[in-house]
Participant: 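Questions regarding the structure given below will be posed in turn.
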Number of protein chains: 4
Amino acid sequence: MGTKELILEKALKLFSEKGIKETTVRDIAKAVGITEGAIYRHFESKDQIVYDLFGRYSEELYEKLEKAMEKQTDREAKFKEAVKIFLEFAFRNPDAFRFMNIFHYLRGKEVRKFRKIPFQLLRDLILELHKEGVLRTEPEYALATLTGTLERVFLYKSMGILKGSRKEIKERTAELLWKALAECGS
Amino acid sequence: MGTKELILEKALKLFSEKGIKETTVRDIAKAVGITEGAIYRHFESKDQIVYDLFGRYSEELYEKLEKAMEKQTDREAKFKEAVKIFLEFAFRNPDAFRFMNIFHYLRGKEVRKFRKIPFQLLRDLILELHKEGVLRTEPEYALATLTGTLERVFLYKSMGILKGSRKEIKERTAELLWKALAECGS
Amino acid sequence: MGTKELILEKALKLFSEKGIKETTVRDIAKAVGITEGAIYRHFESKDQIVYDLFGRYSEELYEKLEKAMEKQTDREAKFKEAVKIFLEFAFRNPDAFRFMNIFHYLRGKEVRKFRKIPFQLLRDLILELHKEGVLRTEPEYALATLTGTLERVFLYKSMGILKGSRKEIKERTAELLWKALAECGS
Amino acid sequence: MGTKELILEKALKLFSEKGIKETTVRDIAKAVGITEGAIYRHFESKDQIVYDLFGRYSEELYEKLEKAMEKQTDREAKFKEAVKIFLEFAFRNPDAFRFMNIFHYLRGKEVRKFRKIPFQLLRDLILELHKEGVLRTEPEYALATLTGTLERVFLYKSMGILKGSRKEIKERTAELLWKALAECGS
DNA sequence: CATGAATGAGGTTTCATTCAT
DNA sequence: TATGAATGAAACCTCATTCAT
């Protein structure tokens, strides 16, 4: 792996563990095994690393969700597939997922600078399902339940509160959310 | 209001807007209208302000939840009351609620130092309802949906995504979660 | 005891234990049982406390030495009496003695502002004895041995290295120094 | 000379002239010709500079004394050599010697953290000579006279009170102390 | 006389960034 | 590309002193 990739990888891990401001350029350099100055051969600034990471993983999740949803024609399958893809990404890239949440939390306003925000896709999905009458819960509430539950499922899994294989968790969560929002909606 | 209370108030606002590390003691002092040194007559350190705030609001929400739940004997009423009290607190103290989330996110390990963590009460409630057979969804998933939805409902309300009066939102959320977790559980 | 005296007493203790710069006005106020501001009712500044203390104890020792030496006509008795008075003062006022040494060490140049420096008397004594042929050691060396030994005897006594009653120590030290400098001098 | 050595050298000078607390990191940086921040690339903290200096010079004097004393078999020569080595060190490293005294005075409790304290060697020497009957003065008093005189001889020399070449002073002091403690002891 | 909040200067330390090598 | 010393701004904190009460 190139040094640049290594920097991104180590920075991501540190950002997700300690926070962005709490991670110094020196921390990153030490984790990579180079010195501080060398970081600046690859990135203009610390913030550039942050932006690169956020943009890269946002886009990756966005495209995975987009691709997966395109394949499905059935509404239920589409919804459940979105949930699974989302959790699959979080389980596979826990540091990235945590980092993205931190970025959203503390620097939410800067999110606008990016295109391909996964949240947009989930919102569109919910709106679409609602328009088609499949999802009778108001879309704003549905969105809150969907995104909130997804984030917490990831969190509780990484904290060891939620047991079970990834597959089981993904399927159970998809099932639960579908029931809650579509079948049970009022 | 005393200077100490003013410091806590302004610090809370800044922490919730910019993050903890991102807020300097000077920022707080300026917001209060005093100099940095004066802060230290009231608090030993910046961290002490953070701890005071987290402890204070954790406890407040904890006790409100506890008191409200004690009053209810009916399972459904108890659950819904918990949801409403929780959201009521978040709506009334948006800075505190945001701040508590930030603290949990970035300094989760330090949460152990505190007693009276609202999360504990919600977990106990879920476990109790589950034991009594009211809540057929597995408790870990139910907890994820409950806490995740609550946080997002607050977030979307403060972002303007969720419209409606506080009362409407609280009741709708309570209804929705009860349906999702109790009536609809599988 | 008046507040002013109490301030001097507590300040002396703290200065001798921790050093002058290392002792804060707040430390002193706390030890006295008043607040910082009150100190300034009695002293213009922290430095004024330092000066008062140095002046006061310098003068006290100076006058004790002077008075005692005036009484003696015999050379040997005069020398030994000086040693004993000196040690007696140090044993009775260990904080003052330590403080004076610290002041000499770190702010030696300011000593010139004071009259009645005990060191002057010891030097005069040595010079006088030397002029009279009693003390054949060169006066500069004799002075070094005299003052150095006195300081160390005090130090080792307060550290518990030197055992024995004050009386024994005073007499033994006087004897030893007289032998070393007068009888044994070369 | 490397920056690290330069920092140690300038810090030593300032510490010995003004005291440790009285010397700021900025003072040191200015003396070296760099900025404050640069100090911290070489030392973790100001205190680390203090410890490095004390450890370094303690050890140096310790080892010089040890080596010199090992060579001598004759009791008198051994004692006198110790005196001379000690003064030689003080004359050659006046800043270090003053600094070590200040450290002992104000932070004596921290001395325990160091091994190879020259004082230990002098104490052992005195005890040994006493056990062998060469030194009839009680060892505690002998130690007081020895260490006190050495310190004062250095002090008076640097103040210009004691005239003469280093060699003369060293020999005279060794002679004087030997007479006082060994030949003259009672 | 005393309080204690506040000031303001200055202390130690941190850190993103630059730059000569 | 990389090093690592250095900068400079700014962070947190301390403390002698002042002042309204």
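Quick note on labels: first sequence line is chain A, next is B, and so on, each numbered from 1.
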Participant: Between the main-chain N or O of C/Ile49 and the side-chain N or O of C/Asp52, is there a donor-acceptor pair closer than 3.5 Å?
Facilitator: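 No; judged by distance alone, with no hydrogens or angles, the pair does not exist.
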Participant: Please list, chain by chain and in numerical order, all residues satisfying ring pair (Phe, Tyr, Trp, His ring centres under 6.0 Å) with C/Phe103, sequence neighbours excluded.
Facilitator: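 Partners of C/Phe103 by the ring pair (Phe, Tyr, Trp, His ring centres under 6.0 Å) criterion, ordered by chain and then number, come out as C/Phe54.
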Participant: Distance only, no hydrogens: is a donor on one side chain within 3.5 Å (strictly under) of an acceptor on the other, for A/Gln120 and A/Tyr62?
Facilitator: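 Side-chain D/A pair, A/Gln120 to A/Tyr62: absent.
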Participant: Where along residues 41-51 of chain A does a heavy atom come under 4.0 Å from DNA chain E, residue by residue in number order?
Facilitator: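 Result for residues 41-51 of chain A: A/Ser45, A/Lys46, sorted by number.
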Participant: Is the distance from OP1 or OP2 of F/dT17 to the nearest side-chain N or O of C/Tyr40 less than 4.0 Å?
Facilitator: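 Result: yes.
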Participant: Is there a residue in residues 100-111 of chain A whose heavy atoms reach under 4.0 Å of DNA chain F, and which residues are they?
Facilitator: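 Here the set is empty: none.
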Participant: Using Watson-Crick and G-U wobble pairs whose two distances are both under 3.5 Å, how do you write the pairing of DNA chain E as dot-bracket, with | for links to another strand?
Facilitator: .||||||||||||||||||||
Participant: Would you say C/Thr3 places a side-chain N or O within less than 4.0 Å of OP1 or OP2 belonging to E/dC1?
Facilitator: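 Answer no for this pair, as no side-chain N or O of C/Thr3 is under 4.0 Å from OP1 or OP2.
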Participant: Give a yes or no on whether a salt bridge exists between B/Glu22 and A/Lys21, defined as a side-chain N under 4.0 angstrom from a carboxylate O.
Facilitator: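 Answer for the salt bridge query: no.
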Participant: What is the distance, to the nearest angstrom, from the CG atom on C/Leu6 to the P atom on E/dC1?
Facilitator: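 Going from C/Leu6 (CG) to E/dC1 (P), I get 14 Å.
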Participant: Within a strict 4.5 Å, meaning less than it, do heavy atoms of the B/Asp27 and B/Lys18 side chains meet?
Facilitator: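 Yes, side chains in contact.
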Participant: What are the residues of residues 7-24 of chain C, sorted by number, that bring a heavy atom to within less than 4.0 Å of DNA chain E?
Facilitator: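 Nucleic-acid contacts, sorted: none.
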Participant: Could you go step by step and tell me if D/Tyr57 and D/Asn93 meet the side chain to side chain donor-acceptor pair (under 3.5 Å) rule?
Facilitator: CA-CA 9 Å; D/Tyr57 286 106; D/Asn93 309 279; 5.1 Å; no
Participant: When the distance from CG of B/Asp27 to P of F/dC12 is rounded to whole Å, what number comes out?
Facilitator: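 Those two atoms, CG and P, are 8 Å apart.
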Participant: Report the distance from atom NZ of C/Lys30 to atom C1' of E/dA2, rounded to the nearest whole Å.
Facilitator: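 In whole Å, E/dA2 C1' lies 17 Å from C/Lys30 NZ.
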Participant: Identify the pairs formed between an N or O of the protein and an N or O of nucleotides 7-9 of chain F at a distance under 3.5 Å, and give each distance.
Facilitator:
{"from": "F/dT7", "atom 1": "OP2", "to": "D/Thr35", "atom 2": "N", "distance (Å)": "2.6"}
{"from": "F/dT7", "atom 1": "OP2", "to": "D/Thr35", "atom 2": "OG1", "distance (Å)": "2.9"}

Participant: Pick one: which of A/Arg56, A/Arg107, A/Lys46 meets side-chain contact (heavy atoms from CB on, under 4.5 Å) with A/Tyr51?
Facilitator: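 It is A/Arg107; the other options fail the test.
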